[in-house]
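To start, the structure itself, in C-alpha cells.
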Amino acid sequence: MSGMEQKQGTVIAAYRSYTLVKDFENNLYQCQQRKSIGQVVCGDVVYWQREDEKSGVITAIKDRRSILQRPDINGNLRIIASNIDQVFIVVAHKPELNEGLIDRYLVAAENSHLKPIILLNKIDLFDEHVFSDLKQRLQLYQDIGYPVIYTSAKQAHGLDSLIQLLNDNNNIFVGQSGVGKSSLINTILEDSNARIGEISEATGKGKHTTTTAYLYPLEQNQGHIIDSPGVREFGLIELSEQDVAAGFAEFKPYIGHCKFRDCAHKSEPGCALLDAVKNKKISEQRWKSYQRILASVNEKRRK
Ligand SMILES: Nc1nc2c(ncn2[C@@H]2O[C@H](COP(=O)(O)OP(=O)(O)OP(=O)(O)O)[C@@H](O)[C@H]2O)c(=O)[nH]1
Ligand SMILES: [Mg+2]
Ligand SMILES: [Zn+2]
C-alpha cells in the first residue's frame with residue numbers, strides 16, 4: 001500500500017496536539033509522531049507516512065543542521081526552531097529598544113553559528129530626532145560587523161533590502177512581542193495571513209500574539225521565514241564563560257592574549273580584553289553587557 005511509503009516533509013509548526021507537515025508539493029498534513037523520536041520542532045525535516053487525505057505519522061527527524069534554543073519559564077531548554085541560517089533580531093522604539101536583549105540574542109546566535117542581522121522596524125513612527133538617536137545606538141552593532149537594516153511594515157519601506165537578505169536562506173524573526181515580526185511577514189508575503197496583535201496602551205508592550213513558531217516558504221525562492229513568538233526577556237542557559245565571550249564577536253582578536261592563561265578579565269595586569277576596553281576597541285556598553293550576561297549564567301549554574 002502506498003500509504004506506508006516513507007515521505008520527506010518540512011515541519012511548518014509543532015502544536016501541542018499535532019504537527020503540521022508540508023510535503024514537496026506544498027500539501028499540508030496534520031501529523032502525530034512516534035514518541036521515541038523526541039521533540040519535533042518548526043523547521044525540522046522529517047520522514048513520515050501518510051495515513052489518509054490529511055494526516056500522517058512522523059517516524060524520524062533528519063539530522064538538524066542548526067538549532068536556536070532558549071529556556072522556557074520553568075528553565076527547561078526548548079528548541080525554538082531548527083535548520084536556520086540567519087536570525088533577524090527585530091527591534092523597534094515601541095516596545096523600547098533594549099541592547100541587553102540584542103546582546104543575548106547575539107550570544108545565542110553566535111554560539112549556534114547562525115548569522116545575525118539587526119532589523120529596526122516601525123521607522124514610520126519616528127521623528128527625525130528619535131530616528132537619529134536609534135541609528136546611533138545601532139551603529140555600535142554595525143561597527144562590530146553586523147548588518148543593520150531599517151524597515152516599516154506599515155509603509156512598506158526598506159523591504160527590498162530585507163527581501164534580498166532573506167532570499168535563498170532559512171531565516172527566523174525573533175524579538176520582543178509587538179515589534180512587528182508577523183506584520184513584516186504579512187507585508188512581504190502575500191497569502192501569509194500571520195496573526196498580528198496590538199500594543200497594549202497601558203504597558204507599551206506587545207500582547208504575545210504569535211504563540212507558536214510558524215514557517216512561511218519564500219515565494220518563488222528557496223528558503224523560508226520562521227515567525228516566532230515574542231519574548232519579554234531572552235534567557236540563556238548552559239553556556240560556559242568561554243561561550244559567553246565567544247558570543248561577543250569583537251572580543252575575538254583579544255581572547256587568548258592575556259598575560260595570564262587563566263585570566264578572569266576582572267582586574268588582572270596585562271589583560272588583553274581590559275586593555276581593549278580602555279583603548280576603546282571594545283565599547284564600554286558591550287563590556288558591561290558581557291559582565292551582566294556572565295553573572296546571570298554563572299548564577300544559573302550555581303542553582
Ligand atoms: N506604525 C507601525 N506599526 C507597526 C509596524 N509593524 C507592526 N506594527 C504594529 O505593531 C503591532 C504589533 O505587530 P505584530 O506584527 O503583531 O508584532 P509581533 O512582533 O509579531 O508580536 P508577537 O507576535 O507578540 O511577538 C500591530 O499593531 C502592528 O500593526 C510598522 O512598521 N509601523
Ligand atoms: Mg507575531
Ligand atoms: Zn583577561
Side-chain angles (χ1 to χ4, degrees), residues 13 42 70 80-81 87-98 101 105 118-127 130-131 134 149-159 162 171-189 192-216 225-234 241-242 244-246 248 250-279 281-282 287 290-291 294:
C42 181
R70 74 180 178 102
I80 307 168
V87 181
F88 285 76
I89 304 168
V90 183
V91 298
H93 183 48
K94 265 186 190 156
E96 212 161 320
L97 182 71
N98 176 343
L101 183 65
Y105 275 121
I118 296 168
L119 186 159
L120 175 65
N121 186 37
K122 305 199 188 186
I123 60 171
D124 58 288
L125 292 179
F126 312 153
D127 63 29
V130 170
F131 197 10
L134 293 174
I149 59 174
Y150 307 105
T151 64
S152 163
K154 195 157 206 168
Q155 298 188 341
H157 189 284
L159 300 183
L162 172 57
N171 307 283
I172 186 166
F173 284 2
V174 299
Q176 277 172 284
S177 183
V179 291
K181 300 178 292 297
S182 301
S183 303
L184 283 165
I185 289 172
N186 282 342
T187 312
I188 296 166
L189 304 175
S192 58
N193 287 321
R195 273 190 56 205
I196 64 165
E198 269 148 45
I199 300 291
S200 155
E201 286 293 332
T203 63
K205 288 178 176 158
K207 290 176 177 167
H208 299 279
T209 306
T210 306
T211 51
T212 310
Y214 197 100
L215 183 152
Y216 298 91
I225 313 175
I226 294 173
D227 190 11
S228 75
V231 298
R232 284 282 151 74
E233 60 178 84
F234 188 82
E241 298 204 354
Q242 284 83 347
V244 176
F248 285 75
E250 75 274 37
F251 294 5
K252 199 170 178 196
Y254 310 103
I255 289 169
H257 294 275
C258 300
K259 184 170 170 194
F260 301 111
R261 193 187 288 237
D262 61 348
C263 185
H265 324 305
K266 294 256 160 59
S267 56
E268 291 86 345
C271 172
L273 282 162
L274 288 171
D275 286 348
V277 176
K278 206 164 67 196
N279 299 326
K281 304 284 187 205
I282 292 172
W287 183 248
Y290 163 69
Q291 304 290 349
L294 204 55

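A quick note: this is a predicted structure, and the numbers were derived from the prediction, not measured. Ligands are counted one by one from 1 in listed order, and the atoms in each one are counted from 1 as well. Computation of the quantities below employed the complete heavy-atom set of this structure, encompassing side-chain atoms and omitting hydrogens, waters and symmetry-equivalent molecules.
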What atoms of ligand 1 come within less than 4.0 Å of a heavy atom belonging to [X]?
{"X": "Ser182", "value": "15 (O), 20 (O)"}
{"X": "Asn121", "value": "5 (C), 6 (N), 31 (O)"}
{"X": "Val179", "value": "17 (O), 19 (O)"}

Exercise: identify the closest heavy-atom pair between Lys122 and Val179: CE-O, 3.5 Å

Aromatic ring proximity Trp287/Phe251, centre distance under 6.0 Å: yes

Given side chains that start at C-beta, do those of [X] and [Y] come closer than 4.5 Å, heavy atoms only?
{"X": "Ile225", "Y": "Ile172", "value": "no"}
{"X": "His265", "Y": "Tyr290", "value": "yes"}
{"X": "Asn121", "Y": "Phe173", "value": "no"}
{"X": "His157", "Y": "Thr151", "value": "no"}
{"X": "Ser182", "Y": "Asp227", "value": "yes"}
{"X": "Tyr150", "Y": "Leu134", "value": "no"}

N/O separation below 3.5 Å, [X] to ligand 1:
{"X": "Gly180", "result": "yes"}
{"X": "Gly230", "result": "yes"}
{"X": "Gly178", "result": "yes"}
{"X": "Lys181", "result": "yes"}

Taking the minimum heavy-atom distance to [atom], which of [options] ranks first?
{"atom": "atom 5 (C) of ligand 1", "options": "Lys122, His157, His93", "value": "Lys122"}
{"atom": "atom 1 (N) of ligand 1", "options": "Val174, Asp124, Asp227", "value": "Asp124"}
{"atom": "atom 22 (P) of ligand 1", "options": "Gly158, Pro229, Ser177, Ala156", "value": "Ser177"}

Metal proximity, Thr210 vs the Mg ion (ligand 2), N/O/S cut-off 2.8 Å: yes

Short N/O/S contact of Ser182 with the Mg ion (ligand 2) (below 2.8 Å): yes

Exam field: side chain Gln155 to backbone Ala153, donor-acceptor pair closer than 3.5 Å: no

Region of Leu125 that comes within reach of ligand 1 [heavy atoms, distance under 4.0 Å]: side chain

The Zn ion (ligand 3): angle it makes with SG (Cys271) and SG (Cys263), nearest 10 degrees: 110°

Mutual orientation of the aromatic rings belonging to Phe131 and Phe126 [parallel < 30°, tilted 30-60°, perpendicular > 60°]: tilted

Name of the His265 atom (N/O/S only) found closest to the Zn ion (ligand 3): ND1

